[in-house]
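Everything on this sheet refers to the single structure shown next.
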Amino acid sequence: MNIFYDENMPFAAEFFADLGQLTAFSGRSLSPTAICDADVLLVRSITKVNEALLKENKNLRFVGTATIGVDHIDQPYLSDRNVNFHSAPGCNAVSVAEYVLSALVVLAERYLISLSSLTVGIVGAGNTGSRLSEKLSALNIKHVLCDPLLADNPADKREFVPLEQALNCDVVSLHVPLTRKGKHATYHLLNAERLAQFNDNQILINACRGEVIDNAALLKMKQQGHPLKLVLDVWENEPNILSALISYCEITTAHIAGYSLEGKARGTEILYRALCEQLDILPNKRLADFLPAPAIGKVEIKQAFDEILLNQLVKMVYDVRRDDAIFRQQINVQGFDHIRKTYPTRREFSSITVKLNNGLSSDAPHQLGFNK
Ligand SMILES: NC(=O)C1=CN([C@@H]2O[C@H](COP(=O)(O)OP(=O)(O)OC[C@H]3O[C@@H](n4cnc5c(N)ncnc54)[C@H](O)[C@@H]3O)[C@@H](O)[C@H]2O)C=CC1
Ligand SMILES: O=C(O)C(=O)[C@H](O)COP(=O)(O)O
């Protein structure tokens with residue numbers, strides 16, 4: 001069995017070696033002839049999987065994307081060809097939530113804002129939005145959820161607000177898939193008209209897909225002097241982004257919100273399990289067998305919690321300013337894809353054990369995701 005996989009899938013060789021002949025590829029430049037004899041194709045978000053890519057291939061049985069987003073996959077085409085398709089729902093949702101939290105901590109310090117004074121509007125309350133909601137709850141940060149599709153689902157008991165209410169919050173964080181059709185399509189969900197409603201003090205965070213915000217309209221608004229504070233991880237038309245926007249961002253990164261080692265590697269593991277199931281093989285490998293020990297393994301807390309201490313904990317694991325600095329320094333030299341390919345290791349809160357030796361029963365660090 002010929003298994004072709006994106007070179008940016010951590011532990012792919014370790015997971016898949018026993019299942020077939022492995023070939024790694026560079027996701028942006030994959031050609032139809034390169035994969036003409038693939039039985040299994042494992043991609044990430046930068047490879048568009050469609051008729052144009054697969055036209056030379058007659059053998060394909062399985063396509064997997066080690067990502068949450070599926071907007072790069074022509075699923076009806078795969079289904080017409082009877083090729084099984086799997087994505088990796090939720091794989092890097094914690095990573096996205098930790099990115100947003102780090103951005104909030106950094107901005108709160110930069111502008112001397114207390115996080116507990118803010119209300120966050122989470123647009124899209126699936127895996128990434130829900131993980132963010134849990135972490136905000138752990139820090140007692142007020143937030144509302146907007147998700148008209150889940151609001152219509154009687155099984156989901158959470159309270160939802162209309163979009164306009166979420167967009168009015170002090171912080172607006174976007175967590176929707178990119179969709180172009182239907183009543184709830186998200187392409188340019190934030191168009192010029194909605195962007196114009198933002199007030200001077202708001203913070204807008206986009207760590208879902210660039211096309212959810214009309215980037216040209218956003219640039220125009222910033223050029224006209226709107227003080228909206230911007231955190232942009234994703235961009236329209238990656239990797240050829242609207243670079244004039246960069247200098248208007250408070251925090252700006254190269255689509256790496258989901259790039260914790262755990263988040264990326266979980267994507268690989270989910271596809272390994274899905275392929276094993278298709279092949280009727282019992283999976284015998286687990287991600288825990290491959291993850292290295294983190295640089296910092298254990299922390300002991302010896303004083304009572306306050307916002308400063310909790311913010312320190314967040315930044316100790318992941319300070320988004322590192323990725324912001326790399327982006328600003330390298331975007332015009334090495335380019336968008338290079339920054340992503342050479343991403344330095346980042347671990348999730350769960351990689352660190354936090355021991356409480358402060359006489360308090362408060363469990364905030366563990367609710368935030370740190371290991372007990
Ligand atoms: N920056 C990054 O590195 C990453 C970006 N993503 C992006 O984030 C997106 C969301 O991820 P998940 O939360 O895991 O997906 P999910 O599928 O678990 O949740 C998305 C939620 O958005 C809701 N939704 C759809 N249209 C909506 C609309 N018009 N208004 C409000 N809510 C709407 C859906 O009902 C769903 O509950 C992914 O599709 C992907 O494109 C995901 C992971 C990493
Ligand atoms: O999971 C998703 O959806 C994402 O946006 C990924 O973090 C994107 O990473 P790449 O697949 O582009 O490496």
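Order of appearance sets the numbers: ligands from 1, and atoms from 1 within every ligand. Start at 1 with the first residue, then count along the sequence.
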With a cut-off of 6.0 Å (strictly less than), are more than 12 heavy atoms of other residues, nucleotides or ligands near NZ of Lys48?
->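 No.
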Can Asn84 and Gln278 be counted as having a side-chain donor-acceptor contact under 3.5 angstrom?
-> yes
Out of all atoms in ligand 1, which are within 4.0 Å of some heavy atom of [X]? Include the element for each.
X	result
Cys146	31 (C), 32 (N)
Arg209	5 (C), 6 (N), 7 (C), 40 (C), 41 (O)
His255	1 (N), 2 (C), 3 (O)
Leu150	37 (O)
Gly69	39 (O), 40 (C), 41 (O)

Does the side chain of Leu145 reach to within under 4.5 Å of the side chain of Ser130, using non-hydrogen atoms?
->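 Heavy-atom side-chain distance check fails, nothing below 4.5 Å.
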Do Val231 and Cys249 touch side chain to side chain, with heavy atoms closer than 4.5 Å?
->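 With C-beta onward as the side chain, the pair stays apart.
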Just going by heavy-atom distances, which of [options] is nearest to [atom]?
atom	options	result
atom 9 (C) of ligand 1	Val176, Thr179, Asp233, Val212	Val176
atom 5 (C) of ligand 1	Ala207, Gly258, Ala185	Ala207
atom 31 (C) of ligand 1	Ala97, Gly126, Pro148, Gly182	Pro148

Between [X] and [Y], does at least one N-O distance fall below 4.0 Å, as a salt bridge requires?
X	Y	answer
Arg44	Asp6	no
Glu238	Arg28	no
Arg194	Glu164	yes

Output the list of atoms in ligand 2 that are nearer than 4.0 Å to some heavy atom of [X], sorted by atom number.
X	answer
Arg209	2 (C), 3 (O), 4 (C), 5 (O)
Gly69	1 (O), 2 (C), 3 (O)
Thr67	1 (O), 2 (C), 3 (O), 11 (O)

Just distances here: any N/O of Ile68 and N/O of ligand 2 closer than 3.5 Å?
->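 N/O-N/O distance below 3.5 Å exists for this pair.
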Any Leu178 heavy atom less than 4.0 Å to ligand 1 =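 No, Leu178 has no heavy atoms under 4.0 Å from ligand 1.
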Please verify whether a non-hydrogen atom of Gly90 lies at under 4.0 Å from ligand 1.
->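 Outside the 4.0 Å threshold, so no.
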Ring-face cation of Lys264 near Tyr259 (centre distance under 6.0 Å, axis angle within 45°) |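 Cation-pi check for Lys264 and Tyr259: passes.
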Distance under 6.0 Å and angle within 45° of the ring axis: does Arg322 meet both against Tyr343?
-> yes
Tell me which part of Asn92 gets within contact of ligand 2: side chain, backbone, both or neither, using heavy atoms under 4.0 Å.
->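 The part of Asn92 near ligand 2 is the side chain, not the backbone.
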Residue part near ligand 2, for Lys264, under 4.0 Å between non-hydrogen atoms | neither
Is [X] touching ligand 1 with its side chain, its backbone, both, or neither, if touching means heavy atoms under 4.0 Å apart?
X	answer
His184	both
Asp147	both
Asn127	both
Thr128	both
Val234	side chain
Ala93	neither

Using the rule that two of Ile, Leu, Val, Met, Phe, Trp, Tyr join whenever any of their side-chain heavy atoms come within less than 4.5 Å, decide whether Ile68 and Leu178 are in one cluster.
->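 No, because Ile68 and Leu178 fall into different hydrophobic clusters, even though each may have its own neighbours under 4.5 Å.
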What about Ile241 and Ile339, same hydrophobic cluster or not, with Ile/Leu/Val/Met/Phe/Trp/Tyr joined at side-chain heavy-atom distances under 4.5 Å?
-> yes
Closest approach of any protein heavy atom to [atom], naming residue and atom:
atom	value
atom 13 (O) of ligand 2	Tyr259 OH, 2.4 Å
atom 8 (C) of ligand 2	His255 NE2, 3.4 Å
atom 11 (O) of ligand 2	Ser45 N, 2.6 Å

How are the rings of Phe327 and Phe336 set relative to one another: parallel (under 30°), tilted (30 to 60°) or perpendicular (over 60°)?
-> perpendicular
Relative to each other, are the rings of Tyr272 and Phe15 parallel, tilted or perpendicular (30° and 60° limits)?
-> tilted
Would a line drawn from the ring center of Phe198 to the ring center of His226 be shorter than 6.0 Å?
-> no
Keeping the roles fixed (side chain from Thr186, backbone from Leu189), state whether a donor-acceptor pair exists under 3.5 Å.
->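 Not confirmed, Thr186 side chain does not pair with Leu189 backbone.
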With a 4.0 Å cut-off, strictly under, does atom 17 (O) of ligand 1 pick up any protein heavy atom?
-> no
